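Below is one structure; the comments refer to it alone.
The figures here come from the full heavy-atom set of this structure, side chains too, leaving out hydrogens, waters and symmetry mates. On a predicted model such as this, the values are computed, not experimentally measured, just so you know.
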Amino acid sequence: MRSSIFHRATLALFASLVAGLSFAGSAAAADKTFKLAWALYPGYMPWAYAEQSGIMDKWAEKYGIDVEIVQINDYIESINQYTAGEYDAVANTVMDTLTLPAAGGVDSTSIILGDYTDGNDAIFIKGQGKTMADLKGKTVYLVQYSVSHYMLALALQKAGMSLDDIKTANIADADFVAALQTPEVEAVVTWNPATVQLYDDPSVTAVFKSSEVPGEIQDILIVKTEVLAETPELGKVLAGAWYEVLDIMKKDDEQGIEARTYMAELSGTDLADFDRQVATTYFYGPAEGAEAYAGETMPGIIDSTTGFAFSQGLLGPTAKDKGYVGVELADGTIVGDESNVKLRFDTSYMEAAAKGEL
């Protein structure tokens with residue numbers, strides 16, 4: 001799960017940034033060179049291998065374009081740079097797409113549903129045998145206003161509570177484990193690699209795991225809608241490279257082990273630890289991803305996500321309700337403001353990948 005603590009600060013910049021986006025998108029399409037940004041997280045690591053292995057170059061050459069894959073050290077910064085027009089595509093979450101580029105006026109289309117967190121994220125309380133009920137009245141440390149905050153809200157709701165029953169305090173993701181060693185911190189919400197470390201700690205209890213809300217917290221790839229419309233081949237290249245890497249990394253042959261070892265080392269860990277993180281990340285195949293985007297649960301996920309974002313003031317100062325950002329679902333149905341559609345779900349590239357037609 002990725003930090004989004006700078007939402008409010010970055011929203012103030014959007015008005016000036018958006019003015020230059022149209023030109024930036026047109027320029028990229030004209031010279032056929034495109035840039036994709038990603039940050040360290042298990043669900044985004046396949047992009048690193050696509051670059052290192054030459055798989056991305058192979059697919060780009062097939063369609064006569066060039067794609068640069070760039071690692072950004074800070075997750076939120078990767079989205080900010082995408083929003084500012086520095087990148088044509090970025091790996092992030094549904095919620096962060098809504099609260100950063102979409103709320104800032106940037107029209108994006110998601111062409112790949114990469115994964116959902118299936119235990120990568122968890123809520124921990126000091127002590128053994130604890131339950132969600134033990135959170136009541138406590139201060140929970142987390143990256144505030146991130147998808148961790150959203151998961152906490154979902155967990156409390158499932159336990160018959162709400163955010164009003166607790167307090168929250170901000171913490172950097174690098175401090176998750178260390179924080180629980182201090183006397184003042186009793187509960188934290190974490191994501192990997194900290195989560196797997198805390199699962200092994202007998203002095204704390206995992207009272208909630210993201211696997212309890214399967215499919216709810218999604219990692220996706222978004223592309224500027226204008227850029228994709230001008231050069232649809234970009235979508236084919238990105239989908240082709242992504243699913244080729246997924247096929248490789250899921251195998252335990254020499255190539256699969258080599259791929260995951262590279263991802264592990266880039267993540268600052270070893271293969272065994274990285275495999276544990278992969279095990280709690282549910283990667284969608286292309287047919288599954290397309291089905292999930294077009295399925296009956298997606299409207300509910302959007303409604304829940306936008307409701308949380310609006311309640312926390314993350315859709316910006318002009319948002320009057322949770323429907324401020326219009327979202328076009330895979331079947332063409334629009335949820336929210338039809339005059340302000342800034343997030344779209346396109347299953348065509350996943351469907352083509354599933355049929356071997358890229």
Side-chain angles (χ1 to χ4, degrees), residues 1-15 41 74-80 82-83 90 92-106 108 116-117 121-123 132 135-173 176 187-191 208 210 212-213 215-220 222 298-327 335-337 340 342-343:
M1 196 170 292
R2 281 58 60 201
S3 163
S4 32
I5 189 60
F6 298 118
H7 280 138
R8 289 191 172 96
T10 54
L11 283 172
L13 299 175
F14 289 156
Y41 179 71
D74 181 87
Y75 168 69
I76 285 301
E77 183 60 21
S78 69
I79 309 174
N80 289 343
Y82 167 85
T83 303
V90 66
N92 70 339
T93 68
V94 171
M95 194 184 93
D96 291 324
T97 297
L98 287 166
T99 59
L100 287 169
V106 178
S108 301
Y116 68 78
T117 169
D121 306 83
I123 302 171
M132 281 294 297
L135 283 180
K136 192 164 187 177
K138 284 184 169 57
T139 297
V140 181
Y141 286 74
L142 75 167
V143 178
Q144 287 181 314
Y145 312 119
S146 70
V147 281
S148 281
H149 210 144
Y150 175 54
M151 188 188 76
L152 175 62
L154 293 176
L156 288 166
Q157 184 179 29
K158 287 175 70 71
M161 297 187 288
S162 74
L163 289 169
D164 292 335
D165 292 309
I166 62 157
K167 296 179 181 178
T168 62
N170 189 57
I171 188 174
D173 56 312
F176 287 152
V188 295
V189 186
T190 70
W191 63 77
F208 188 86
S210 54
E212 297 178 52
V213 282
E216 186 76 36
I217 302 171
Q218 300 172 334
D219 290 299
I220 64 177
I222 58 173
M298 202 63 199
I301 290 173
I302 294 299
D303 183 72
S304 176
T305 305
T306 54
F308 171 80
F310 177 71
S311 72
Q312 300 299 313
L314 301 178
L315 296 180
T318 61
K320 303 299 183 184
D321 54 45
K322 66 181 181 181
Y324 171 70
V325 173
V327 178
V335 177
D337 189 347
N340 188 39
K342 299 300 177 187
L343 175 56

message: Within a 6.0 Å radius of atom CD on Q157, are there more than 12 heavy atoms belonging to other residues, nucleotides or ligands?
response: no
- request: Using the side chain to side chain contact (heavy atoms under 4.5 Å, CB included) rule, take L156 and D165 through it: C-alpha gap first, then chi angles, then the decisive distance, then the call.
  value: CA-CA 9 Å; L156 288 166; D165 292 309; 5.5 Å; no
query: Are side-chain heavy atoms of I302 and T305 found at a separation under 4.5 Å?
result: no
- prompt: Atom OG of S148 and atom CD1 of I217: how far apart are they, to the nearest 0.5 Å?
  reply: 7.5 Å
field: Exercise: identify the closest heavy-atom pair between V325 and A102
entry: CG1-CB, 3.8 Å
task: Would you mind telling me which of I123, T168, I171 makes a side chain to side chain contact (heavy atoms under 4.5 Å, CB included) with V189?
output: I123
Results of ring-ring contact (aromatic ring centres under 6.0 Å, His included) for Y116 - residues two or more places apart only: Y282, Y284
query: Can you list the steps and then say if N80 with D74 is a side chain to side chain contact (heavy atoms under 4.5 Å, CB included)?
result: CA-CA 10 Å; N80 289 343; D74 181 87; over 6 Å; no
message: Counting C-beta onward and ignoring hydrogens, is there a side-chain heavy-atom pair between D96 and Y75 closer than 4.5 Å?
response: yes
- request: Kindly give the heavy-atom pair with the smallest separation between M132 and M161, and that separation in Å.
  value: O-CE, 3.2 Å
- prompt: Which is it for Y150 and E216 under the side-chain hydrogen bond (donor to acceptor under 3.5 Å, both in side chains) test, yes or no, and what are the steps along the way?
  reply: CA-CA 10 Å; Y150 175 54; E216 186 76 36; 2.6 Å; yes
task: Take the angle between the ring planes of H149 and F308 and call it parallel below 30°, perpendicular above 60°, tilted in between.
output: tilted
query: Is the side chain of N170 donor-acceptor paired with the backbone N or O of Q144 at a distance under 3.5 Å, no angle test?
result: yes
Steps toward side chain to side chain contact (heavy atoms under 4.5 Å, CB included) verdict (Q312, L163): CA-CA 11 Å; Q312 300 299 313; L163 289 169; 3.7 Å; yes
- line: In short, A169 meets T139 closest at the heavy-atom pair CB-CG2, 3.8 Å
query: Is there side-chain contact between L100 and I76, with at least one heavy-atom pair below 4.5 Å?
result: yes
message: Would you say that T117 contacts W191 through its side chain, given a criterion of any heavy-atom pair below 4.5 Å between the two side chains?
response: no
query: Under 4.5 Å between any side-chain heavy atoms of F176 and V143, yes or no?
result: yes
message: So which atom in Y145 and which in M95 form the shortest heavy-atom distance, rounded to 0.1 Å?
response: O-CE, 3.8 Å
message: Determine whether a donor-acceptor pair (N or O, by modelled atom type, separation under 3.5 Å) exists between the side chain of S304 and the backbone of G300.
response: no
query: With a 4.5 Å heavy-atom cut-off, do V147 and V94 have their side chains touching?
result: no
- line: Rounded to the nearest 0.5 Å, the NZ atom of K342 sits from the OG1 atom of T97 at a distance of 14.0 Å
- request: Give, for atom NZ of K136 and atom CG of D164, the distance between the pair rounded to the nearest 0.5 Å.
  value: 11.0 Å
- line: Note: Q218 and M298 closest approach over all heavy atoms is OE1-CE, 3.3 Å
field: Side chain proximity check, L135 to V140, heavy atoms < 4.5 angstrom
entry: yes
query: Which atom pair, heavy atoms only, marks the closest approach of L315 to T306?
result: CD1-O, 4.2 Å
field: Any N92 side-chain heavy atom under 4.5 Å of I220 side chain
entry: yes
